[in-house]
There are 2 protein chains.
Amino acid sequence: MNQLSERAQQVLEAVVIDHIRSGEPVGSRTISKRHRLQVSSATIRNVMADLEEMGLLQQPHTSAGRVPTEKGLRFYIDSIMKSKDLEAQEKRLIQQALKDVHRDLATLLQKTSKVLSGFCKQAGVVLWPKLTLTRLKHIEFVRLRAHQIMVILITKSGLVNHVVLHWEEDVDQDELDKYGRYLNDIFKDMTLGEIKERIIQEMKNEKNLFDELYSKALKMTDQAFESTFESSELYIEGQLNLINNPEFSDVDRLRHLFQAFEDKSKIIRLLDLTLSKASGVKVILGTESSLDELYELSIISSPYKRGDTLLGALGVIGPLRMDYSRIVPVVEFTAALLSRLMEEPE
Amino acid sequence: MNQLSERAQQVLEAVVIDHIRSGEPVGSRTISKRHRLQVSSATIRNVMADLEEMGLLQQPHTSAGRVPTEKGLRFYIDSIMKSKDLEAQEKRLIQQALKDVHRDLATLLQKTSKVLSGFCKQAGVVLWPKLTLTRLKHIEFVRLRAHQIMVILITKSGLVNHVVLHWEEDVDQDELDKYGRYLNDIFKDMTLGEIKERIIQEMKNEKNLFDELYSKALKMTDQAFESTFESSELYIEGQLNLINNPEFSDVDRLRHLFQAFEDKSKIIRLLDLTLSKASGVKVILGTESSLDELYELSIISSPYKRGDTLLGALGVIGPLRMDYSRIVPVVEFTAALLSRLMEEPE
DNA sequence: TAGTAGCACTCTCTTTCAATGAGTGCCAAG
DNA sequence: CTTGGCACTCATTGAAAGAGAGTGCTACTA
């Protein structure tokens with residue numbers, strides 16, 4: 001299927017680029033006037049008819065120009081598109097924006113999401129680091145009231161997570177402090193994933209059953225982890241940008257759009273896909289996501305990492321008609337930058 | 001201005017109610033057919049002309065029916081409207097929804113916001129409790145890395161707040177633990193506002209300058225408070241409901257609408273107004289808010305409290321055309337319910 | 001044989017115009 | 001003061017006509 005003649009590729013590229021810019025169907029005359037193709041509109045028409053037969057282009061109606069199909073876009077992105085490099089100026093702007101918020105992880109991620117949306121004029125998304133992969137800095141137990149204990153996990157990257165547990169027994173604060181000191185010693189600097197494993201092992205180990213303090217502390221942590229691991233959060237910023245796209249000037253579509261965003265879990269699952277695969281920017285077009293809600297949206301995403309560990313993902317969500325050649329490098333650069341920021345000194 | 005004849009009031013009421021239901025301008029014939037008014041449409045027309053002169057009604061164009069103005073709505077709400085009582089059934093539903101999430105404050109507030117939006121088919125908002133008024137349960141210092149210290153505040157209501165401080169000196173975790181134990185003893189059960197006052201006093205007190213531990217701990221807390229007090233958060237849920245209102249079927253207005261929600265600080269300031277005044281449900285109509293962004297939205301809000309202390313506010317945001325007679329009692333009931341849930345056992 | 005010019009044809013979009021109908025204001029009579 | 005009647009206004013709807021953009025096809029050309 002990669003067997004497209006040189007000219008056909010040029011025509012497809014022209015249609016895609018023009019359509020991305022204008023949002024309108026592109027006619028043969030418009031293309032023949034772009035200098036690079038030195039052929040008449042009639043010739044272009046023939047090529048276009050071929051491309052349509054192959055399913056790469058389509059006509060909204062008989063007497064309209066052509067619009068790239070999803071398949072056409074896919075081909076363009078995979079085989080034709082040349083990503084523009086970001087200008088040094090732009091890189092500097094992005095770096096600048098993320099420089100001063102380094103302190104607090106939550107703020108940093110939210111800001112990253114804003115930067116993505118701002119630079120691409122679409123919605124920016126950032127998925128929190130997977131907790132399993134982050135390292136424990138500190139664990140703390142606080143007695144809120146009888147039978148209610150708050151467990152606070154702080155990771156090295158500065159992420160704070162808290163869970164309120166319902167506990168049968170009423171444990172006083174002094175004892176909870178002991179748990180804390182105890183566990184901090186053992187688990188410090190391990191990833192939460194490792195800790196989870198370890199807890200399971202230790203709980204199986206019969207001899208630990210006799211060390212009441214240790215055994216209770218383990219049980220409590222285990223329970224806390226249970227609720228913690230589910231909560232994978234996502235920042236979405238710049239949804240407003242999407243409204244400005246002419247494809248959403250129809251209220252019904254707009255409603256659809258916001259419905260897609262309302263339930264973040266779907267998008268989270270999609271971004272998780274980016275995570276499981278090797279690193280690098282990934283583009284998911286419309287129906288490729290197999291999610292009804294996203295059928296006319298596409299996602300450009302990339303994981304960010306610390307060292308070799310993939311932590312989370314970030315990206316841009318927008319209509320199918322986006323300037324991929326610009327957004328791909330923006331996402332790529334931002335992911336690399338965030339990865340660098342995730343390297344922990346000390 | 002309260003001098004409206006009985007009939008004029010009935011006509012105004014009819015126009016408001018009909019317009020709230022249909023969204024369309026209301027004509028004289030429609031009203032005369034509602035049984036309660038036993039007069040002809042011509043008579044109604046005369047009354048309507050009077051009401052229009054008073055600025056309570058207006059015509060979109062000469063040959064259309066009448067629509068209540070903001071002033072008209074205000075009069076209706078203040079002087080004519082009789083709030084329907086909530087049915088026991090509905091009360092039970094609301095209670096049910098908020099019953100099981102009691103544990104975690106953040107979840108409770110978010111859920112409350114969802115309940116409000118769901119029951120009123122508009123957007124629901126809940127403002128976090130003002131930190132100054134909540135009582136400290138626990139304070140904790142964690143060394144993240146050299147010169148970075150995380151301060152965690154837990155309030156009795158189960159609210160967790162954390163701030164990352166940049167600290168000149170590199171203090172080790174053992175010393176930080178001392179600070180924590182020290183301060184927990186002193187400040188436990190005081191409100192954050194009181195604590196703030198106290199810190200200022202103590203720092204002035206010369207003799208404390210010699211107690212290095214105490215003085216450093218105070219300084220750190222003071223700095224933590226500085227950043228904490230600004231962050232007043234707001235939950236907005238059910239924005240999607242608003243799209244369904246016919247007044248927002250126009251894309252431009254919709255854009256306006258979401259712009260209003262993008263910057264939460266404006267809405268927070270508005271809800272703060274509810275807080276400063278005496279308790280009870282308050283309705284702010286369109287331009288009354290003096291915020292450009294909200295000129296065609298109205299807010300129905302009420303504070304919630306613990307005992308006699310106003311903690312935060314909650315409410316419903318929607319178009320001017322809302323069923324106030326139903327929403328007002330919903331907000332009222334929910335606020336009372338949340339207040340009850342905020343009473344702390346123990 | 002590939003490319004091109006020309007032309008008839010198709011379909012959307014915009015404009016125009018008239019008809020419809022809901023609703024008003026006002027007047028004269030009850 | 002209320003009411004029926006009537007002329008008038010203005011948004012809305014639908015049909016008709018015209019413009020414009022673009023295509024597919026055919027016949028011609030290098």
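Chain letters run A, B, ... following the sequence lines, proteins first, then strands; residues in each count from 1. Please read these numbers as outputs of a predicted model, since none were measured by experiment.
Within 4.0 Å of A:S41, counting heavy atoms only, lies no atom of the nucleic acid at all.
For the segment residues 63-70 of chain B, the set of residues with a heavy atom within less than 4.0 Å of an atom of DNA chain C comprises B:S63, B:A64, B:G65, B:R66, in numerical order.
Atom C1' of nucleotide D:dG22 and atom CD of A:Q58 are separated by 16 Å, given to the nearest angstrom. A straight line from CZ of A:R29 to C1' of C:dA5 spans 13 Å, rounded to a whole angstrom. D:dT2 atom P lies 10 Å from atom CD1 of B:I44, rounded to whole Å. In this entry the distance linking CD of B:E52 with P of C:dC26 reads 11 Å, nearest Å. Distance A:Q59 CD to C:dC11 P: 11 Å, rounded to the nearest Å. Distance B:L57 CG to C:dG23 C1': 14 Å, rounded to the nearest Å. With rounding to whole Å, A:L51 atom CG is found 12 Å from D:dT23 atom P. The CG-P distance, from B:D50 to C:dG25, rounds to 10 Å in whole Å.
Residues satisfying the salt bridge (charged side-chain N to carboxylate O under 4.0 Å, His left out) test with B:R255, not counting sequence neighbours, are B:D252. Here B:E296 pairs with B:F248, B:R253 under the side chain to side chain contact (heavy atoms under 4.5 Å, CB included) rule; sequence neighbours left out.
Between A:D85 and A:K91 no salt bridge is recorded (no basic side-chain N to carboxylate O distance below 4.0 Å).
Taking every heavy atom of both residues into account, B:I236 and B:A123 meet most closely at CG2-CB, 4.5 Å.
Without hydrogens or angle criteria, B:E70 side chain to B:T287 main chain gives a donor-acceptor distance under 3.5 Å.
For B:F258 and A:F258, the ring centers are positioned less than 6.0 Å apart.
Picking from C:dT24, C:dC11, C:dA5 the nucleotide with the shortest atom distance to the side chain of A:T62 gives C:dC11.
Taking only distance into account, the side chain of A:R45 meets the base of D:dG24 through a donor-acceptor pair shorter than 3.5 Å.
By the 4.5 Å heavy-atom criterion applied to side chains, A:K264 and A:I267 are not counted as neighbours.
Considering only side-chain N and O atoms, A:T43 lies nowhere under 4.0 angstrom from the phosphate OP1 or OP2 of C:dG3. Of the side-chain N and O atoms in A:S28, one or more sit less than 4.0 angstrom from OP1 or OP2 of D:dT23.
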